[in-house]
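One structure below.
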Amino acid sequence: MESIAVKDFDLEKTLGCGQFFRYERKEDGSYLISLRDRLFSVRQEGSKLFFSGVPKEFVIRLFRLDENYQKIIKSISKDEFIRKTIKTNFGMRLMRQDPWECLISYICSANNNIPRIKKNLEMISMKFGKRIAHDAHKGFSFPNPGELSNYDKIRGCGVGFRSRFIHETNQTIEEGRLNSLKDRSYEEAREELIKLKGVGDKIADCVCMFSLEKLEAFPVDVWMRRVMLENYFKGEDPKKISNNRIREFGREYFGRYCGYANQFLFYYRRLQK
DNA sequence: CGTCAGGTAGCCA
DNA sequence: TGGCTACCTGAC
């Protein structure tokens with residue numbers, strides 16, 4: 001099996017931090033990952049990352065192994081608390097997800113819980129995708145834009161009130177246009193995404209950060225709100241702090257790579273605290 | 001049985 | 001802008 005020498009990288013934390021849903025841990029400690037029409041496995045042993053089913057360049061891109069982690073960590077290390085969250089989950093990296101799959105994933109995440117989000121995406125793949133295989137592993141591809149046109153079938157995936165949003169987004173999105181948001185500014189990309197039904201501030205920021213290269217995004221959900229109020233707005237009246245204000249503060253305070261700070265804070269507050 | 005979960009749309013002051 | 005509330009569904 002091929003391998004890559006890695007440093008400042010922790011596969012388990014990267015997959016487990018909650019940014020990505022379509023993966024499964026196997027008995028031997030390897031992970032089976034589904035991404036659009038790919039099915040592949042990855043396993044880490046110390047500073048070696050073994051992989052099969054995809055080219056090396058794909059793995060490097062996906063896990064951002066091409067970027068200067070130390071530089072980013074240094075730039076967001078603004079205080080003791082954020083340093084603690086980084087130390088706890090050192091090696092966690094943001095992933096470069098596929099914009100379309102990421103968009104649908106996060107539309108599914110609204111007022112939902114992680115086990116069910118995973119199940120929803122699995123069902124969508126089973127009902128709309130194609131059978132794919134990698135070695136002895138079997139799976140389903142994620143459907144392409146335009147292929148989620150059967151509303152009743154979407155309902156059958158257990159996504160509830162999000163069915164309408166998924167259906168509408170499917171009819172609206174032109175994939176080339178979605179992907180080209182990478183070349184637009186963060187503000188423009190965000191604005192475009194919010195025009196979609198079912199996509200508000202938080203989901204737009206997640207899609208920007210996880211799939212459109214916008215590490216200057218700072219999504220604020222309930223967990224981010226909690227951890228920020230507890231550590232950066234101490235003594236202030238929570239009722240007077242809007243999520244938008246938290247977002248603006250986070251972007252300003254942590255700077256250009258605030259998305260990384262965001263994910264460390266999120267991960268820490270959800271699991272460790 | 002209620003409650004709750006990684007928000008958002010729609011409506012109103 | 002900011003502050004409500006309903007919303008599918010399945011697991012406690």
Side-chain angles (χ1 to χ4, degrees), chain A residues 13-23 85 89 92 94-95 97 101-124 126-127 148 150-173 187 190-212 214 217-231 233 236-250 258-273:
Chain A
K13 291 180 187 304
T14 297
L15 288 172
C17 72
Q19 58 181 320
F20 179 71
F21 305 97
R22 295 221 297 145
Y23 71 92
T85 69
N89 289 307
M92 179 208 77
L94 294 180
M95 290 169 65
Q97 297 184 36
E101 186 174 332
C102 184
L103 174 60
I104 297 300
S105 299
Y106 279 88
I107 287 177
C108 288
S109 79
N111 198 23
N112 206 348
N113 54 62
I114 293 181
R116 197 155 78 97
I117 298 167
K118 286 190 175 195
K119 198 149 111 192
N120 290 160
L121 294 172
E122 207 174 295
M123 294 271 276
I124 288 173
M126 266 168 46
K127 286 181 182 276
L148 294 170
N150 186 331
Y151 178 80
D152 293 327
K153 213 162 140 188
I154 297 171
R155 284 224 61 128
C157 296
V159 293
F161 65 84
R162 304 162 195 84
S163 303
R164 189 166 65 83
F165 302 147
I166 293 170
H167 183 256
E168 206 165 314
T169 294
N170 174 74
Q171 311 297 81
T172 313
I173 284 288
E187 286 79 7
R190 186 172 193 277
E191 204 176 316
E192 283 298 309
L193 290 169
I194 288 178
K195 286 180 186 164
L196 299 166
K197 293 291 179 212
V199 180
D201 294 312
K202 189 266 177 181
I203 291 177
D205 276 332
C206 284
V207 175
C208 279
M209 177 158 100
F210 297 132
S211 77
L212 296 175
K214 310 302 181 201
F218 198 85
V220 180
D221 62 7
V222 288
W223 294 102
M224 192 54 46
R225 182 174 174 79
R226 278 174 200 147
V227 72
M228 291 300 283
L229 289 177
E230 288 162 1
N231 295 281
F233 295 88
E236 294 191 51
D237 183 359
K239 289 193 291 291
K240 291 182 179 170
I241 316 278
S242 68
N243 284 358
N244 201 38
R245 191 170 149 208
I246 294 174
R247 181 173 75 89
E248 280 165 4
F249 170 82
C258 65
Y260 258 98
N262 184 288
Q263 197 61 30
F264 277 112
L265 290 164
F266 174 84
Y267 197 16
Y268 182 83
R269 184 61 180 80
R270 262 205 92 227
L271 270 69
Q272 275 81 25
K273 204 217 154 184

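Source: prediction; values computed, not measured. In what follows, every chain begins at residue 1, and chains take the letters A, B, ... in the order their sequences are listed.
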Margin query: Can you check the distance between C:dC8 and B:dG10, where both ends of the measurement are the P atom (answer in whole Å)?
Written below: 13 Å
Next item on the list: Take A:D201 and A:N243, measure what side chain to side chain donor-acceptor pair (under 3.5 Å) needs, and give me the verdict at the end.
Entry: CA-CA 9 Å; A:D201 294 312; A:N243 284 358; over 6 Å; no
Checklist line | Residue A:F21, side-chain atoms from C-beta onward, closest of B:dT8, B:dG6, B:dA5 | finding: B:dG6
Next item on the list: May I have the distance from A:N120 (atom CG) to C:dG10 (atom P), rounded to whole angstrom?
Entry: 9 Å
Margin query: With a 3.5 Å limit on both atom pairs, tell me what B:dG6 is paired to, counting Watson-Crick and G-U wobble, or say none.
Written below: none
Check: Could you walk me through whether A:E192 and A:K195 pass the salt bridge (Lys or Arg N to Asp or Glu O under 4.0 Å) check?
Finding: CA-CA 5 Å; A:E192 283 298 309; A:K195 286 180 186 164; 2.9 Å; yes
Check: Are the ring of A:W223 and the six-membered base ring of B:dG6 within the stacking cut-offs of under 5.5 Å and under 30°?
Finding: no
Next item on the list: Could you check how far NE2 of A:H167 sits from C1' of B:dT8, rounded to whole Å?
Entry: 19 Å
Notebook entry, point to check: Between C:dC8, B:dG6, C:dG2, which nucleotide has the shortest distance from any of its atoms to the side chain of A:R162?
Noted result: C:dC8
Next item on the list: Measure the distance from OH on A:Y106 to P on B:dT8 and round it to the nearest whole Å.
Entry: 12 Å
Next item on the list: Return the set of residues passing side chain to side chain contact (heavy atoms under 4.5 Å, CB included) with A:T14 (not counting sequence neighbours), or none when no residue passes.
Entry: A:F9, A:Q19, A:F63, A:R93, A:M95
Check: Out of C:dG2, B:dG6, B:dA5, which nucleotide sits closest to the side chain of A:S109?
Finding: B:dG6
Check: Which part of the nucleic acid, if any, lies within reach of A:I114 when heavy atoms closer than 4.0 Å are counted: base, sugar-phosphate only, or nothing?
Finding: base
Notebook entry, point to check: Between the main-chain N or O of A:R270 and the side-chain N or O of A:R226, is there a donor-acceptor pair closer than 3.5 Å?
Noted result: no
Margin query: Expressed as a whole number of angstroms, how long is the span from A:N111:CG to C:dT5:C1'?
Written below: 12 Å
Note to self: Using whole Å, what does the distance between atom C1' of nucleotide B:dC4 and atom CG of A:D221 come to?
What the structure shows: 15 Å
Margin query: Using atom C1' in both nucleotides, what's the gap between C:dG2 and B:dG6 to the nearest angstrom?
Written below: 22 Å
Notebook entry, point to check: Distance-only, no hydrogens or angles: does the A:Y267 side chain make a donor-acceptor pair with backbone N or O of A:N89 under 3.5 Å?
Noted result: no
Notebook entry, point to check: Would you say the ring centroid of A:F218 lies under 6.0 angstrom from that of A:F266?
Noted result: no
Next item on the list: Rounded off to whole Å, could you give me the CD-to-P distance for the A:Q97 and B:dG6 pair?
Entry: 17 Å
Notebook entry, point to check: Between A:R225 (side chain) and A:I241 (backbone), is there a donor-acceptor pair under 3.5 Å?
Noted result: yes
Check: If you look at every strand shown and take non-hydrogen atoms under 4.0 Å, does A:D201 touch a base, only sugar-phosphate, or nothing?
Finding: sugar-phosphate
Next item on the list: Quickly work out the A:I246 CD1 to C:dT1 C1' distance and round it to whole Å.
Entry: 16 Å
Distances for protein N/O vs nucleotides 9-13 of chain B N/O pairs under 3.5 angstrom?
{"residue": "B:dA9", "atom": "OP1", "partner": "A:G198", "partner atom": "N", "Å": "3.1"}

Check: Is A:K239 touching bases, backbone alone, or none of the nucleic acid, heavy atoms closer than 4.0 Å?
Finding: sugar-phosphate
Next item on the list: Would you please classify the geometry between the A:F165 ring and the A:F161 ring as parallel, tilted or perpendicular, with 30° and 60° separating the classes?
Entry: perpendicular
Margin query: Need the pair for C:dC8. Rule: Watson-Crick or G-U wobble, both distances under 3.5 Å, any strand; none if unpaired.
Written below: none
Notebook entry, point to check: Is any side-chain N or O of A:R155 closer than 4.0 Å to OP1 or OP2 of C:dT9?
Noted result: yes
Note to self: As a test of reading the structure: which of C:dC8, B:dA5, C:dG2 is closest to the side chain of A:S242, going by heavy atoms?
What the structure shows: C:dG2
Next item on the list: Could you state the atom-to-atom distance from CD of A:E248 to C1' of C:dG2 in whole Å?
Entry: 14 Å
